[in-house]
Amino acid sequence: MITDVKEMRDLAASMMGRDFAFDVETSGLRAHQDRTLGLSLSYVDDNDDIVSEYVVFEHTLPSADDDTFGIPHDFIARSDAVAALTPVFAQTEVAMSAHNMAFDLGFLWKMGLDPKGELHDTMIGEFLLNENRESYGLKQTAERVFGARMAVYKNLHHYLNFAKEEFMAVPLEPAAAYAEDDTKYTYLLFERQLPMLDEEGLLTVFERLSMPLCRVIAEMQVKGFALDMAKVAELREEYGAISATHEHAVWSAGMDMIADWQEQGEDIPDTYLKMIDHLVKDGVPVQARVDDNNAPYDVHVRGRAVPVFQKTKRTKPRVPYFNVGSRTQLADLLYGYYGITVPTKVKVKTNKDGTVGVDKDTLKIIKHFMGDKAPKVLDDLLEWRKADKLIGTYLDPFSRMADPDDNYAIRANFNQTIARTGRLSSSSPNLQNVPSRGELGKKVRSLFVARPDHALIVCDYSQLELRLLAHYSQDEALLRAFTENLDLHTMTGARQAGLTYEELAERVANEDPEAKLLRTIGKSANFGLSYGMGAKKYQVYLLVNNGIYFDIEDVQKQIDGFNEAYPRLYAWKQEVFEEVRRKGYVKTIGGRKRRLPEIYSGDIWEARAAERQAVNVKAQGGGADIVGLAMIRIQERVRPYNAYNVVQVHDEIVVESPTEHAETVLQIVKDSMIEVNNLLKCPLAVEGTIGPNWYEAK
DNA sequence: ACATAGCGCGCG
DNA sequence: AAAGCGCGCGCTATGT
């Protein structure tokens with residue numbers, strides 16, 4: 001390890017001109033608030049030996065009188081290390097590798113180091129070489145590839161006066177050895193991957209798309225997306241009340257059921273009995289009196305009289321309590337107590353244990369077929385779920401994760417090695433599933449705001465995936481719709497019904513209800529049928545999304561109509577099926593590989609699923625390639641205006657820009673998104689706007 | 001007390 | 001018997 005400046009300078013000197021791997025050890029996972037404790041570096045010297053050194057900035061030394069205690073100690077000043085390493089990282093002709101580089105970049109940038117060489121993220125490399133693995137962690141990968149058994153961090157000994165998770169808490173020698181192993185295996189992976197990527201024809205997508213995109217992602221993760229916390233709190237209040245109202249209605253119905261069981265002399269299952277003190281702890285209003293033995297009686301839960309159950313003297317007293325969030329209890333209520341019979345005309349969702357689902361789609365189907373006879377509690381349940389989802393998945397986590405020191409920014413992770421199609425995924429929190437549709441979408445997206453003196457630029461591709469399908473299939477009608485900027489849903493609806501586009505478009509413009517229905521069907525067809533949805537599922541889709549019921553025969557006719565509407569599209573899909581059967585994989589337009597070994601499965605349904613995945617990845621993955629290239633271009637071109645990417649939602653890009661440059665930046669973003677299309681024989685279209693928040697910029 | 005599977009639901 | 005694809009996450013039920 002390296003613990004003084006002189007050694008540091010010697011190391012830097014000996015690294016010049018050589019490929020190297022790097023890895024930061026930190027006090028936490030967030031670059032904006034946590035510290036870099038040290039830097040591990042590996043390279044190969046003149047003797048072809050791999051050299052690994054841990055450069056220590058900050059660590060612990062054992063206490064003089066008690067080696068179970070560690071004393072914080074400063075080693076090399078970061079500024080000295082950075083000064084020595086700046087020329088190393090500034091080299092452009094050497095390869096610089098790291099495992100999960102976006103993470104390291106955040107910390108390096110904060111210290112003032114920016115790797116300028118040929119970047120190589122070994123995690124992404126491993127993903128491109130096989131996107132079907134379960135894990136791309138360094139330890140698992142090193143074990144699989146080299147048979148290396150790397151130390152498990154959690155098992156390292158640590159000083160007792162530190163939290164176990166802290167790297168600082170691990171005594172210096174084993175800590176350094178651990179860090180050095182990280183870059184050693186990263187370097188070995190880098191050496192091994194390069195020729196493999198080349199052999200598989202993946203070098204271009206790696207160097208021109210994945211690695212430049214890694215820098216964009218690192219920046220997005222550092223910057224984050226600002227929130228209007230006052231409005232978050234407001235919305236939390238509003239929906240807290242809405243949630244409580246509907247929850248109470250469903251709860252009361254459930255409690256009626258339990259009371260009914262009692263009257264019938266039936267047992268109340270244990271899962272319905274809750275300990276009184278647990279309810280109190282959860283904030284449920286409970287009134288009770290206690291007798292001489294301190295046993296509760298005359299108990300009211302939420303103002304409702306309930307019996308008390310106490311099996312033995314040693315067990316705590318329990319009361320019946322209906323849990324509105326429990327699927328099993330809801331199924332008891334709906335299919336037992338209310339005796340709702342499941343519609344047979346359409347297929348409803350069943351669970352693994354054979355029970356009927358209580359999901360939104362099933363409830364909507366029930367409502368459709370029962371009409372006025374449907375219990376009112378269904379609406380309360382649907383409304384409660386909506387409000388509860390909003391609070392539990394979005395508002396409360398946002399409040400917890402917002403950074404009060406930077407405009408309540410949310411810093412999500414964007415991962416390049418999760419989605420097998422090559423899309424990004426987002427987590428902690430997921431910013432790619434923030435509500436966008438309907439009234440709720442408006443309210444929630446309005447919470448995401450531009451920082452002071454900034455504006456948001458929101459641009460999205462219109463029908464990106466279908467344009468890829470048009471490109472590949474060269475279907476005349478599909479291409480015409482996109483080159484002439486026609487309404488695609490009208491086009492599909494017209495062709496399904498055997499009408500011309502012009503005829504249906506005019507009737508839709510004149511508010512002809514029958515024509516509007518045809519367009520609606522066309523829209524559903526575009527979303528559902530492009531990737532091979534079957535009749536039964538499509539029937540449900542039409543009913544749940546549009547409230548229209550068709551017999552299964554009519555649904556099949558619509559599917560046939562869709563396939564006949566775009567005959568070249570249908571033919572091209574068959575070609576893709578053959579391609580994946582022949583090669584076992586397909587490639588996207590950006591050169592990414594999607595291996596589908598299930599295509600050779602003896603299970604015909606599994607093989608068919610692989611066929612559909614092959615078609616889907618050409619569109620979805622190709623779209624992801626294009627959006628990625630656009631983001632790279634955007635990052636380079638808006639930086640002079642101090643603008644930057646803040647989020648990507650698959651076909652949508654959000655950029656934050658100083659207000660004074662917003663118009664310029666909008667034009668750059670739109671241009672960039674269009675210009676990356678030197679790959680497609682189908683034009684692209686981008687819609688973009690400027691606004692103070694995520695909704696109003698849309 | 002803790003981990004995992006399954007469901008349900010938000011997005012493109 | 002079975003025919004959209006791709007995600008992340010909160011919650012309950014279940015098992016250890």
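Here the structure is a predicted model, which is why all the values come from computation and not from measurement. Labels below follow one simple rule: chain letters A, B, ... track the order of the sequence lines, proteins then strands, and each chain is numbered from 1.
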What does A/V358 touch in the nucleic acid at a heavy-atom separation under 4.0 angstrom: a base, only the sugar-phosphate, or nothing?
sugar-phosphate
Are OP1 or OP2 of B/dG12 and a side-chain N or O of A/S436 less than 4.0 angstrom apart?
yes
Mind checking if A/V615 touches a base, just sugar-phosphate, or nothing, with heavy atoms under 4.0 Å?
nothing
With a non-hydrogen cut-off below 4.0 angstrom, is A/I418 in contact with a base, only sugar-phosphate, or nothing?
sugar-phosphate
What's the closest nucleotide to the A/N433 side chain, out of B/dG10, C/dT12, B/dG12?
B/dG10
So, is A/K386 near the phosphate of B/dG10, with a side-chain N or O under 4.0 Å from OP1 or OP2?
no
Heavy-atom closest pair (A/E131 atom, A/Y136 atom, distance to 0.1 Å) is C-OH, 3.0 Å
Qualifying residue, where the test is side chain to side chain donor-acceptor pair (under 3.5 Å) with A/D332 and the options are A/Y272, A/W261, A/Y337
A/Y272
Would you indicate what A/D353 reaches in the nucleic acid, counting non-hydrogen atoms under 4.0 angstrom: base, sugar-phosphate, or nothing?
nothing
Counting any heavy atom closer than 4.0 Å, what does A/S530 reach on the DNA or RNA strands: base, sugar-phosphate only, or nothing?
nothing
Any salt bridge linking A/E575 with A/R568? Criterion: basic side-chain nitrogen under 4.0 Å from a carboxylate oxygen.
yes
Checking A/N546 against A/S524: is there a side-chain donor and acceptor pair closer than 3.5 Å?
yes
Under 3.5 Å for both donor-acceptor distances, Watson-Crick or wobble: does C/dA3 have a partner, and if so which one?
none
Selection from B/dG6, C/dC7, C/dG4 that lies nearest to any side-chain heavy atom of A/K352:
B/dG6
Grab the CG-P distance between A/D560 and C/dA3 for me, whole Å please.
16 Å
Among C/dG8, B/dC9, C/dT12, which nucleotide has an atom closest to any side-chain atom of A/R385?
B/dC9
Could you please name the option among C/dG4, C/dG10, B/dG10 that lies closest to any side-chain atom of A/M533?
C/dG4
Which part of the nucleic acid does A/D603 contact within heavy-atom distance under 4.0 Å: base, sugar-phosphate only, or nothing?
base
Whether A/R445 contacts B/dC11 is assessed here as follows: a side-chain N or O lying under 4.0 Å from the phosphate OP1 or OP2. Is that the case?
no
Determine whether the aromatic ring centres of A/F448 and A/F398 lie less than 6.0 Å apart.
yes
A/Y566/A/F562 aromatic ring centres below 6.0 Å:
yes
At 4.0 Å (heavy atoms only), tell me whether A/F527 reaches a base, stays on the sugar-phosphate, or touches nothing.
base
Can you identify which nucleotide, out of B/dC7, C/dA2, C/dT12, has its nearest atom closest to the A/S326 side chain?
C/dT12
Below the 4.0 Å mark, does B/dG10 have OP1 or OP2 next to a side-chain nitrogen or oxygen of A/Q432?
no
Within the structure shown, what part of the strands sits under 4.0 Å from A/R423 by heavy-atom distance: base, sugar-phosphate, or nothing?
base
Below the 4.0 Å mark, does C/dA3 have OP1 or OP2 next to a side-chain nitrogen or oxygen of A/R612?
no
Interatomic distance, A/E598 CD vs C/dG4 C1' [rounded to whole Å]:
16 Å
Please tell me if A/R327 has a side-chain N or O lying less than 4.0 Å from either OP1 or OP2 of B/dG6.
no
Could you check whether atom CG of A/L29 has more than 12 heavy atoms from other residues, nucleotides or ligands sitting under 6.0 Å from it?
no
To the nearest Å, how far apart are A/L596 CG and C/dG4 P?
17 Å
Heavy atoms only, 4.0 Å cut-off, all strands: where does A/S428 land among base, sugar-phosphate and nothing?
sugar-phosphate
Residue A/K360, side-chain atoms from C-beta onward, closest of B/dG8, C/dT12, B/dC9:
B/dC9
First of A/R608 and A/G325 reached from the 5' end of DNA chain C, by closest nucleotide
A/R608
How would you label the contact of A/D388 with the nucleic acid (heavy atoms, under 4.0 Å): base, sugar-phosphate, or nothing?
nothing
Could you state the CD-C1' distance from A/E606 to C/dA1, rounded to the nearest angstrom?
15 Å
Considering only side-chain heavy atoms of A/S425, which listed nucleotide, C/dG4, C/dG8, C/dA2, is closest?
C/dG8
Mind calculating the distance between NZ (A/K274) and C1' (C/dT12) to the nearest angstrom?
9 Å
At less than 3.5 Å, do the side-chain atoms of A/D359 and the base atoms of B/dG8 form a donor-acceptor pair?
no
Side-chain donor/acceptor of A/K389 to base of B/dC9, under 3.5 Å
yes
To the nearest Å, how far apart are A/F127 CZ and C/dC7 P?
8 Å
Mutual orientation of the aromatic rings belonging to A/W694 and A/F225 [parallel < 30°, tilted 30-60°, perpendicular > 60°]:
tilted
Among B/dC7, C/dC5, C/dA2, find the nucleotide with the atom closest to the side chain of A/W605.
C/dA2
Looking only at side-chain atoms of A/K347, point me to the closest of C/dG4, C/dA2, B/dG8.
C/dA2
Whole-Å distance, A/L363 CG to B/dG8 P, equals 9 Å
Would you mind classifying the nucleic acid contact of A/Q620 as base, sugar-phosphate or nothing, using non-hydrogen atoms under 4.0 angstrom?
base
Could you check how far CG of A/L469 sits from C1' of C/dC5, rounded to whole Å?
11 Å
The side chain of A/N351 lies closest to which of these nucleotides: C/dC7, B/dG8, B/dC11?
B/dG8
